[in-house]
Amino acid sequence: MSKSNNTLKAIGLAFFALTASPAISQLTGTGAYFLGNIAEIAIHNNGHEGTADIGGTNARSDQWDPSVYFGFVANPQNDGWNNYDGDFFTPGSPENGFGIEVNGVNYSNNSSYYNEIPGSLSNYVVDGNCMSVDWNGTAAGVGVKITYKFVSTELYYTTEVTLTNNTGSALNDLYYYRNFDPDNNVTLSFDYTTQNTIVSQPTPACPKALVSATQTNPWLSYVGIAAIGQQFRVAYGGFANRDASDIWNGTWPLVGTLGSTSFMDEAIALGYKINSLPAGASETFEFVIILDDTQVDEAFAQLYEFNFSGYVGAGSVCNPVMDTAYLPCPGASVVLDMTGPGVNDYTWTWSPGTGLSSTTGVSVTASPGTSTLYTVSGVPINPCLSMTIVKEIYVNVGTGPLVDIVPPVGSCGGFDLTTLVVTDLNGVPGTTTTFHSAIPTSATDMTNLFPGTIMNPGDVVYVMIADPVGGCFDYEQVIVNFSGGTTAGPDNTATLCNTAGTTIDVNTLLGAGVDPGVWSETTSSGQFNAGTGIFDASGLTAGNYTFNYTTDVVAPCLPDIATMTITVNQNALAGNDNTASLCNTAGTTLDLNTLLSGNNGTGIWAETTASGQFNAGTGVFTAGGLAAGNYTFTYTVNGTAPCVPDVADFTITVSQEAIAGADNSATLCNMAGATLDLNTLLSGNNGIGTWLETTTSGQFNAGTGVFDASGLGVGVYTFTYTVAAAAPCLPDVANFSITVTNLPNAGADNST
């Protein structure tokens with residue numbers, strides 16, 4: 001085969017100038033681009049990989065034809081595209097393409113100038129980190145749809161192929177093939193040869209197909225084509241392989257023997273055979289291109305997905321791990337099928353079991369009462385399949401039909417139910433509408449259908465909208481105003497406080513445009529004037545009081561009634577103000593709750609001064625040691641609106657404790673002129689007191705506190721000092737004792 005490397009050096013240098021780019025994706029005039037975190041793929045307008053390069057990619061090739069420069073590359077090292085693999089087929093003479101064989105004739109689209117299946121790209125989708133694009137073409141009356149699917153964080157991508165027989169007659173032995181020549185890291189190693197190996201070939205015992213191509217220079221690089229299913233075959237050999245049946249059969253020079261391997265510059269391929277396809281029928285199959293040897297099992301897992309019977313899910317075309325199915329309401333059900341190649345080669349387990357018909361099996365019926373996330377795990381039974389498949393599906397449960405009625409126009413006679421405007425606000429398709437004399441119990445309950453179509457006064461009618469398929473239903477009672485068109489307006493409410501003098505004119509609660517009518521009270525307040533509509537709430541027991549406004553009509557019309565509900569709330573009373581007096585003696589306290597009088601509820605205490613010695617939670621005031629003065633407090637009882645809070649005020653007068661000081665004593669001689677000012681004996685008193693002698697010396701001046709001991713008889717003389725206090729404080733007394741002694745007498749002087 002012909003290879004060209006005369007531009008290798010220039011292209012290689014240009015490649016190394018590229019920098020890593022974030023995951024992007026787009027559809028341009030030259031093709032579709034999936035630029036992921038660690039892999040990048042480019043799809044040509046002709047449906048095969050390999051198209052023109054765009055800015056910001058990590059494409060690497062020595063291809064001289066710019067229209068097929070960019071195929072697919074990978075960065076398994078996840079090192080920011082410093083070291084990476086590929087481009088996997090575009091170097092030299094690019095060989096990459098697909099084709100079909102119809103009645104023994106092959107039709108091919110290939111990067112080397114073949115375009116025998118006209119078609120175009122469309123339906124480019126980005127769903128989170130999942131990207132996909134469709135290619136649709138046709139040849140020999142066979143429609144070919146190819147969907148490429150790629151998750152930006154992975155090292156593999158999925159190709160889904162659908163072949164449709166539009167020839168008008170059955171087709172036998174219809175083939176599809178995919179063929180490319182793996183060049184791996186040739187732009188770094190300058191070596192086109194790869195180790196090509198038939199890793200797996202479908203047999204009755206093992207449905208797995210896998211052909212791989214590896215290189216070890218300058219590091220291990222890997223690419224593989226893989227699928228699961230007995231209709232697949234893989235091969236290596238040749239180069240521009242254009243015969244689908246030869247690929248499927250492994251016809252020389254192609255090799256399809258399990259375990260065979262060859263170190264050559266040659267192609268690897270995959271074939272799919274449809275034994276018979278009826279006219280108008282389609283068959284869909286999937287395979288994966290794997291760009292890292294550690295991702296083989298993970299890539300196989302992506303071939304499995306959910307299929308919903310009965311309801312269509314909102315899942316991405318990229319077969320994400322989690323999908324969504326919708327149920328119109330609780331009680332509805334959806335059949336969840338696991339689909340994929342060799343699905344019966346796994347044991348499938350579902351959880352949680354709530355709302356499931358079974359927790360095991362390929363297919364279960366889900367009918368959860370509320371939205372539920374289900375997980376299904378597939379453990380391989382066949383030893384040739386190694387990876388456990390784990391998928392999630394969210395069953396979103398809706399509300400079902402929602403009845404809405406346009407209020408009927410008033411009527412004195414019978415009302416024709418066929419004129420009633422009934423709508424399902426949720427717009428559930430396929431619903432039915434029926435009228436019932438009793439509340440229906442299910443979407444199929446027809447046991448109490450309303451007889452006829454005319455509703456008369458006194459009839460009870462319910463309208464039901466039902467979804468017989470989903471099992472959902474909703475109903476509403478039909479209310480007809482048989483008052484001949486008169487209206488009392490809507491019901492209304494008001495709230496009052498039972499404070500003295502509180503009244504309301506209930507006429508102010510009527511809506512606009514009401515017809516004449518009369519008032520009546522349906523409770524028994526005894527304080528409503530039906531003639532004027534005045535309701536007096538003064539002093540009433542708290543509670544709800546109801547009043548009807550009834551329109552004036554003439555039989556057979558029925559009056560219309562509006563009901564007014566007046567809520568009367570209890571007026572808040574904190575009770576009487578009060579005062580008290582305390583002495584600031586140590587340990588003196590007062591529970592202010594003992595001063596309450598006339599309150600009708602439990603209130604909240606607060607001090608409006610700043611003693612720092614009041615406990616608002618208990619209401620206890622500690623006066624010990626406080627400065628004398630007035631201390632003020634409030635007690636607030638809150639009322640339910642519109643009643644306002646009420647406050648009682650309390651004043652506590654704290655008086656100063658009287659302290660006369662310490663007792664004391666002294667000694668005096670009764671010599672002439674001996675006096676003592678007892679004020680000099682005072683110690684620790686906190687106020688001016690009053691002196692008093694409790695003996696009878698006759699020589700004490702209580703006004704000055706001076707005691708004259710001159711000539712007094714020997715003995716002890718006692719005195720008190722009393723400091724008075726304001727009530728409720730008590731006087732305090734200090735005691736003093738003065739001992740009077742004789743002047744010593746040595747006798748008269750003498751001489752001889």
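Excluded from the calculations below are hydrogen atoms, water molecules and symmetry mates; all remaining heavy atoms, backbone and side chain alike, are included.
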[X] side, atom [atom1]; [Y] side, atom [atom2] - distance, nearest 0.5 Å:
X	Y	atom1	atom2	result
Trp519	Leu510	CH2	CG	4.5 Å
Leu373	Tyr394	CG	OH	8.0 Å
Leu668	Asp708	CG	CG	9.0 Å
Asn686	Gln656	CG	CD	5.5 Å
Leu712	Thr741	CG	OG1	11.0 Å
Leu681	Ile738	CG	CD1	5.5 Å

Donor-acceptor pair, distance only, cut-off 3.5 Å: does the side chain of [X] make one with the backbone of [Y]?
X	Y	value
Ser538	Gly501	yes
Asn600	Asn571	yes
Ser710	Gly673	yes
Asp474	Glu476	no
Asn396	Ser371	no
Thr431	Asp467	no
Asn599	Gly575	no
Tyr475	Ile439	no
Asp732	Ala660	yes
Asn584	Ala623	no

May I have the step-by-step check of side chain to side chain contact (heavy atoms under 4.5 Å, CB included) for Val461 and Val480, ending in yes or no? CA-CA 10 Å; Val461 178; Val480 177; over 6 Å; no
Name the one of Asp649, Asp577, Thr602, Asp646 that satisfies side-chain contact (heavy atoms from CB on, under 4.5 Å) with Tyr635? Thr602
Just one of Val654, Leu582, Thr608, Thr651 clears the side-chain contact (heavy atoms from CB on, under 4.5 Å) bar with Tyr631, so which one? Val654
Where is the tightest heavy-atom contact between [X] and [Y], given as atom of each residue plus distance?
X	Y	result
Ala658	Ala724	CB-O, 3.7 Å
Ala734	Ala662	CB-O, 3.9 Å
Ile405	Gln477	CD1-O, 4.0 Å
Trp605	Gly619	CD1-CA, 3.9 Å
Thr618	Asp591	O-OD1, 3.7 Å
Ser437	Pro451	OG-CD, 3.8 Å

Would you indicate whether the side-chain heavy atoms of [Y] and [X] approach each other to under 4.5 Å?
X	Y	answer
Ser665	Thr739	no
Met446	Met464	yes
Leu420	Phe435	yes
Pro642	Asn569	yes
Leu573	Val637	no
Pro368	Leu327	yes
Asp505	Thr532	no
Thr579	Thr653	no

Can you list the steps and then say if Asn638 with Ile604 is a side chain to side chain contact (heavy atoms under 4.5 Å, CB included)? CA-CA 8 Å; Asn638 290 315; Ile604 301 170; 3.9 Å; yes
Tell me which one of Thr522, Thr493, Asn548 satisfies side chain to side chain donor-acceptor pair (under 3.5 Å) with Thr563. Asn548
Does the side chain of Thr399 pick up a donor-acceptor pair with the side chain of Asn426 at under 3.5 Å? yes
Keeping to residues at least two apart or across chains, list the ring-ring contact (aromatic ring centres under 6.0 Å, His included) pairs with something in residues 438-458. none
Can you pull out every ring-ring contact (aromatic ring centres under 6.0 Å, His included) where at least one residue sits in residues 520-545? Sequence neighbours excluded, please. Phe528-Phe547, Phe535-Tyr545, Phe535-Phe547
Please report the C-alpha distance between Thr694 and Thr720 in whole Å, then the side-chain angles of each, then the deciding distance to 0.1 Å, and finally whether the side chain to side chain contact (heavy atoms under 4.5 Å, CB included) criterion is met. CA-CA 7 Å; Thr694 55; Thr720 61; 3.8 Å; yes
Mind telling me whether Phe736 and Tyr721 have parallel, tilted or perpendicular rings, with 30° and 60° as the class edges? perpendicular
Determine whether Val364 and Tyr374 satisfy the following criterion, side chain to side chain contact (heavy atoms under 4.5 Å, CB included), listing intermediate values before the conclusion. CA-CA 11 Å; Val364 297; Tyr374 292 106; over 6 Å; no
